[in-house]
Amino acid sequence: MSGLNALWQAILVLVGGGAIGFLYKGLDRKLAARLQGRIGPPLRQPVLDVVKLLLKENVVPRTAVPWLFQAAPFLAFVAAVTALLYLPVGPLSPVLHGYGDLVLVLYLLAIPALAMALGGLASGSPYAVVGAQREIVMMMSYEFPLAIAAVGIAWRLSTLGIGPSFSLATIAANPLWGSVGPLGWIGLSLLFAALLAVTPAELSKIPFDIPEAETEIAGGLLVEYSGVNLALFYLADVIKTLVIAGLVVALFIPYGIAAPLGIAGIGGKILDILFFLVKLFVVIFVAVTVIRVSFARLKVDQVARFYLLPTTLISLAGLLLLVLDKVVMGG
Amino acid sequence: MKQAELLERLKLSGFKRALWVYHLNTGGCNGCDIEVLAALTPRYDVERFGIKLVGSPRHADVLLVTGAVTRPMYERVKRIYAQTPDPKVVIAVGGCASTSGVFYDSYNILGPVDNVIPVDVYVPGCPPRPEAIIDGVVKAVVKLERLLEGKGG
């Protein structure tokens with residue numbers, strides 16, 4: 001792939017990703033309102049929010065560490081956007097295919113949360129410090145099941161002789177469901193459940209929004225942020241929602257509909273991309289919107305326990321079943 | 001010129017339809033606060049106008065102040081006003097915030113909110129109905145438009 005070609009693709013993915021991200025954020029808010037029996041904001045509400053934030057004064061508090069406070073939103077935004085470039089879009093390979101794999105995406109997904117924690121600590125507000133501590137506690141709890149789910153799939157692929165097994169394009173091109181036995185099916189389902197359980201925490205959404213907790217610690221990590229910096233965190237959240245949903249889709253439901261329907265060529269590609277967007281939407285709707293309106297915020301210790309015990313055990317059981325499946329099926 | 005016009009309209013619609021409200025009680029009886037929260041319920045649903053209650057004055061465009069200002073709150077009200085990024089609007093919700101209400105000339109208060117910080121919109125009532133509060137927030141947009149055009153208050 002030539003450099004210029006990659007650049008064009010990157011711009012296309014970023015502009016398209018931004019538009020889709022805003023649309024899904026608007027849909028998320030609208031559907032959450034409908035589920036609560038409200039009318040809800042218009043679909044373009046997230047765009048209006050960002051426009052307004054860009055017009056506001058950008059305050060850097062006197063107690064803050066200015067460079068770190070200002071750098072954190074950029075770091076979060078850039079990491080989220082970079083992760084978007086590593087995602088396979090339906091039938092298409094990731095733009096930066098070959099320059100990084102699943103492990104890199106997992107790290108890129110961790111950076112916005114870390115940047116928020118850094119920014120919170122640098123803002124000099126006690127609320128933000130409490131929020132940062134909670135963010136770190138939550139990350140330490142959910143990263144393990146997340147890593148197990150990702151590694152379990154990559155390992156099973158490698159035992160089937162498909163490689164490079166950590167490449168997201170390879171994983172998306174070879175759905176595991178068809179190549180494992182019944183034990184593997186159960187194992188994959190458990191890993192799928194664990195990954196879906198991690199999704200809302202990765203995005204700091206209710207019931208796992210303890211780092212932000214508006215009614216409790218006044219916005220937590222974001223308490224001192226305003227104007228452009230807050231808008232950048234908002235954008236990072238919009239993009240990150242797409243990335244984590246895209247990761248779930250690539251790992252567990254990478255199927256297209258063009259091939260079964262027998263549509264080839266460019267039409268099939270477009271159909272598959274549209275189907276990919278539908279899958280993204282379903283993942284966001286199930287793992288973020290419905291859970292967000294169904295539960296109240298958990299306490300810090302409840303969140304940590306939820307991820308350290310049941311979710312970790314479920315993902316470990318899933319991994320174990322995948323190993324047993326390999327033994328039974330003989331690799 | 002057309003581009004500048006479009007930008008202007010986008011700016012205005014951003015403020016018109018995306019007001020974030022910080023709710024501040026300076027010594028009220030909690031009656032107005034309950035009505036403010038009632039505006040969030042499915043019956044009134046302020047989110048359909050893009051109005052959102054935020055937890056930090058740094059995120060706010062609108063300060064919704066309830067209650068007459070008590071002495072301990074004096075410094076805090078001024079500080080929260082200063083912490084809100086420009087352009088901003090202050091709305092005094094309820095009789096006490098607007099005129100001190102039944103606490104008029106009382107020894108332990110510093111008077112209505114406009115004795116301490118400049119107020120842009122008054123919403124009378126004890127307590128005002130949620131419709132009146134929503135109306136007050138929407139009226140605040142007019143003030144913000146003027147601020148955005150750089151013509152001051």
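Any value given below was found using the heavy atoms of this structure, including those in side chains, with hydrogens, waters and symmetry copies removed. Within every chain, numbering begins at 1; the chains are lettered A, B, ... in the order of the sequence lines, protein sequences first and strands thereafter.
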Identify which part of A:Val223 has an atom lying under 4.5 Å from any heavy atom of chain B, answering side chain, backbone, both or neither. both
Tell me, out of A:Lys56, A:Glu224, A:Gln36, A:Gln45, who's got the most heavy-atom pairs with chain B below 4.5 Å. A:Lys56
So with a 6.0 Å cut-off around CZ of A:Phe74, is the heavy-atom count from everything else above 12? no
The interface call for A:Leu222 against chain B, heavy-atom contacts under 4.5 Å, is both
Do you know which of B:Pro87, B:Pro85, B:Pro42 has the most heavy-atom pairs with chain A at a distance under 4.5 angstrom? B:Pro85
For B:Ile51, is it the side chain, the backbone, both or neither that has a heavy atom under 4.5 Å from a heavy atom of chain A? neither
With a 6.0 Å cut-off (strictly less than), is the heavy-atom count around CZ of A:Phe22, excluding the residue itself, greater than 12? yes
Does B:Asp45 use its side chain to pair, donor to acceptor, with the backbone of A:Ile39 at less than 3.5 Å? yes
Quick check for you: to the nearest 0.5 Å, what is the distance between A:Tyr225 atom OH and B:Ser56 atom OG? 12.5 Å
Those residues at least two apart in sequence (or on a different chain) that pass side-chain hydrogen bond (donor to acceptor under 3.5 Å, both in side chains) with B:Glu131 are B:Arg129
Take atom OH of A:Tyr234 as the centre, draw a 6.0 Å sphere, and report whether it contains more than 12 heavy atoms from other residues, nucleotides or ligands. yes
Residue by residue, scan residues 57-76 of chain B and write down, ordered by number, those that have a heavy-atom distance under 4.5 Å to chain A; if none do, write 'none'. B:Arg58, B:His59, B:Ala60, B:Asp61
So does B:Glu47 pair up with A:Arg29, basic N to acidic O under 4.0 Å? yes
